[in-house]
Number of protein chains: 2
Amino acid sequence: MGNNTTERAVTLKDLARELGIHPSTVSRVLHSDPDSARGAASAATARRIRELAAEVGYSPDPQATSLRTRRTQLLGVIVPRLSDLVLAIMYEGIEEAAAAIGYSAFVTNSHDDVAEQRRQVEIMLARRVDGLIIGDSHLDVDVLPELRDRAVPFVLMNRRHPGFPSSTCDDTRGGELVAEHLWAKGHRRVSVIAGEPYASTAVDRTGGFVDRWHALGGELPDGSIVWSRFDTQGGREAAEKILSARSAPTAIFAVNDFAAIGAMGALRSHGMIVGQDCAVVGYNDTSLAAELPIPLSSVRSPMAEIGRQAVGLLEGVLRGEAVESVRLEPSLQVRESSA
Amino acid sequence: MGNNTTERAVTLKDLARELGIHPSTVSRVLHSDPDSARGAASAATARRIRELAAEVGYSPDPQATSLRTRRTQLLGVIVPRLSDLVLAIMYEGIEEAAAAIGYSAFVTNSHDDVAEQRRQVEIMLARRVDGLIIGDSHLDVDVLPELRDRAVPFVLMNRRHPGFPSSTCDDTRGGELVAEHLWAKGHRRVSVIAGEPYASTAVDRTGGFVDRWHALGGELPDGSIVWSRFDTQGGREAAEKILSARSAPTAIFAVNDFAAIGAMGALRSHGMIVGQDCAVVGYNDTSLAAELPIPLSSVRSPMAEIGRQAVGLLEGVLRGEAVESVRLEPSLQVRESSA
DNA sequence: CTGAAAGCGCTTACAG
DNA sequence: CTGAAAGCGCTTACAG
């Protein structure tokens, strides 16, 4: 009666014995198209098998299956840290898309440490994942060429790297949007809290801003660009550095919402009112941005979709296709912090 | 020379062939204590095996191993959502502790939906995880009794449930700390943004506060307690409801930092200054709290440790021990929002 | 249409 | 000390 016995999971052999047929027939039927039992067994036998399987709640042992098929239906995901909201949301997209095509995902934190990243890759490979989604790629040193040489199937997510397939936001475009917005609002003295120089997200967002700013005729004297950590504390420290210099800017672009929140804190400490004395724009439009005491302008990036697309890309790689990187379009949400 | 061939992973049989011995001997040695080869093979043979294994980078196929041993070394973790920073940090603790004892963890989001929770449990079980860490337990309806009947090894995390082992913060105590603090600061008209009534975290934090408040001689007229979602938007909505009532409170306790941030936004919209016109206290002391423009007082809970302890508890359950729930001690961080 | 065999990579009593 | 066998649960050509 479909009760789940606690003892031992029911096996293919159990089903076969119950029905008085051979296990291979059961296996064949369970793997054939539900409608047409095409050559797997007679329609009658197929029906009996399916009915019994449903009744006892048969679920094949994935370990046994993958030992035979040499595929684990497992995806390995490596991110800097899951406690970074941006990565957590991308992972939700991954999980959803992976489940839809019958894969499960492992996820692990590298803390953006290169040695740890290598270690996590080896752990994933030891677990025999079918492929890897790498969310912590560094622009400088990197394991990527080595992975390619070893023919490990993988794609990048969030951060791109020339020559490797990736699913990212068009971060260059995102930076341009901010430059255009601040310029149009009349700002001429601006600073950028630029993030970590090893991350393409930081480099592209900053680069897009800088290039567009110059194209508009703007200037960015030395000290206008401050590299920083991506978190709130990093943003606060960078803003302190900016505010301690000669003349304060009238606008700050932080390439991450959390860094932007830190900057807002520093501005307040200096007695400045965000949105009046100094505009602030963040990046990613996390759920917090719109709900802050002073709502934060931010570049919206389709985070969950970036995760889903990464799975789609990896699917292609696993099929042996030559896949094209995707760069998803950002949009700017203007709010009180820079209105 | 220890190069990772791309073709096929090296197997036990490969090692045995290379050394001219039987695979079972290799297996025996690789499973015996590295120092004493105690009866597995001669010291000389053992050394040769270990050297070759290290040289070619042998890593056993976990699928094959678990097919034999009937253990997958896999843990299933179910949380409401990983994009909730609190759960993401607990998961980091889980991952760390699990890795330390040779387990890997799957994590999946139930969105606090009871049907989805059941579905995720079945998916985990179909994957043959050795045990489950459940982070989305509901106080009312719940799968827990059924899981116990099915003899599924599991523990709860973050939220507790009477009669089942759990790793949580002592949320009752956390609520008490806030009541004592606000009372000492002279507040007499307070409101609680209480969270979701199905979560023990919300119920215990609120309950601890209410009981202590009454014990101190305080009053909580109807409408002082507002149940809400845990996120920023939920906090804002709850605060709006509180502020639209007759007389505004002089202090608000939100049982979650994100809800507290939403409340801060609502207060500002009403022209009130947080920390002056109305105190706000949150819960969890997430990394954001201290860095906000107006730093937020918050009850610190040892999130990563809660995750680690959950793994320890599950380890006990897997060994068949009767484990005791752990309730970790919170502490209050007072900042400008309620100074 | 269905059965029987082989084998994925491993571990574990059991001999000798 | 070491070998040989059995078997975990499955899938997949191959016969008939």
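The analysis underlying the following values was restricted to heavy atoms, covering all of them including side chains, and did not include hydrogens, waters or symmetry mates. Order of the sequence lines sets the chain letters (A, B, ...), proteins ahead of strands, with each chain counted from 1. Predicted model only: the values in this text are computed from it and were never measured.
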query: Stems in DNA chain C: runs of 3 or more consecutive Watson-Crick or G-U pairs, distances under 3.5 Å?
result: C:1-3 with D:14-16, C:5-12 with D:5-12, C:14-16 with D:1-3
Between OG on residue A:S83 and CD on residue B:E92, distance to nearest 0.5 Å: 3.5 Å
- request: Starting at CD of B:Q63, measure out to OG1 of A:T72 and round the result to the nearest 0.5 Å.
  value: 6.0 Å
message: Please tell me if B:R70 has a side-chain N or O lying less than 4.0 Å from either OP1 or OP2 of D:dG9.
response: yes
field: Side-chain N or O of A:K13 closer than 4.0 Å to phosphate OP1/OP2 of D:dG7
entry: no
- prompt: Do B:D136 and B:H111 have side-chain atoms, one donor and one acceptor, less than 3.5 Å apart?
  reply: no
message: Determine whether a donor-acceptor pair (N or O, by modelled atom type, separation under 3.5 Å) exists between the side chain of B:T69 and the backbone of B:T65.
response: yes
- prompt: What is the nucleic acid contact for B:T45, judged by heavy atoms within less than 4.0 Å: base, sugar-phosphate only, or nothing?
  reply: sugar-phosphate
Ion pair present between [X] and [Y], side-chain N to carboxylate O less than 4.0 angstrom?
{"X": "B:R48", "Y": "B:E51", "value": "no"}
{"X": "B:E122", "Y": "B:R150", "value": "yes"}
{"X": "A:D61", "Y": "B:R70", "value": "yes"}
{"X": "A:R308", "Y": "A:E96", "value": "yes"}

Comparing B:I21 and B:L67 on DNA chain D - which has the more 5′ nearest nucleotide: B:I21
Which whole-number value in Å describes the distance from [X] [atom1] to [N] [atom2]?
{"X": "A:D61", "N": "D:dG7", "atom1": "CG", "atom2": "P", "answer": "18 Å"}
{"X": "A:R17", "N": "C:dA4", "atom1": "CZ", "atom2": "C1'", "answer": "17 Å"}
{"X": "B:L15", "N": "C:dG9", "atom1": "CG", "atom2": "C1'", "answer": "12 Å"}
{"X": "B:R71", "N": "C:dC10", "atom1": "CZ", "atom2": "C1'", "answer": "17 Å"}

- request: Sugar-phosphate means primed atoms, P, OP1 and OP2; the rest is base. With that split, encode nucleotides 11-16 of chain C 5' to 3' as B, S or - using protein heavy atoms under 4.0 Å.
  value: BB----
query: Tell me the ring-ring contact (aromatic ring centres under 6.0 Å, His included) pairs involving residues 52-108 of chain A, sequence neighbours left out?
result: A:F106-B:F106
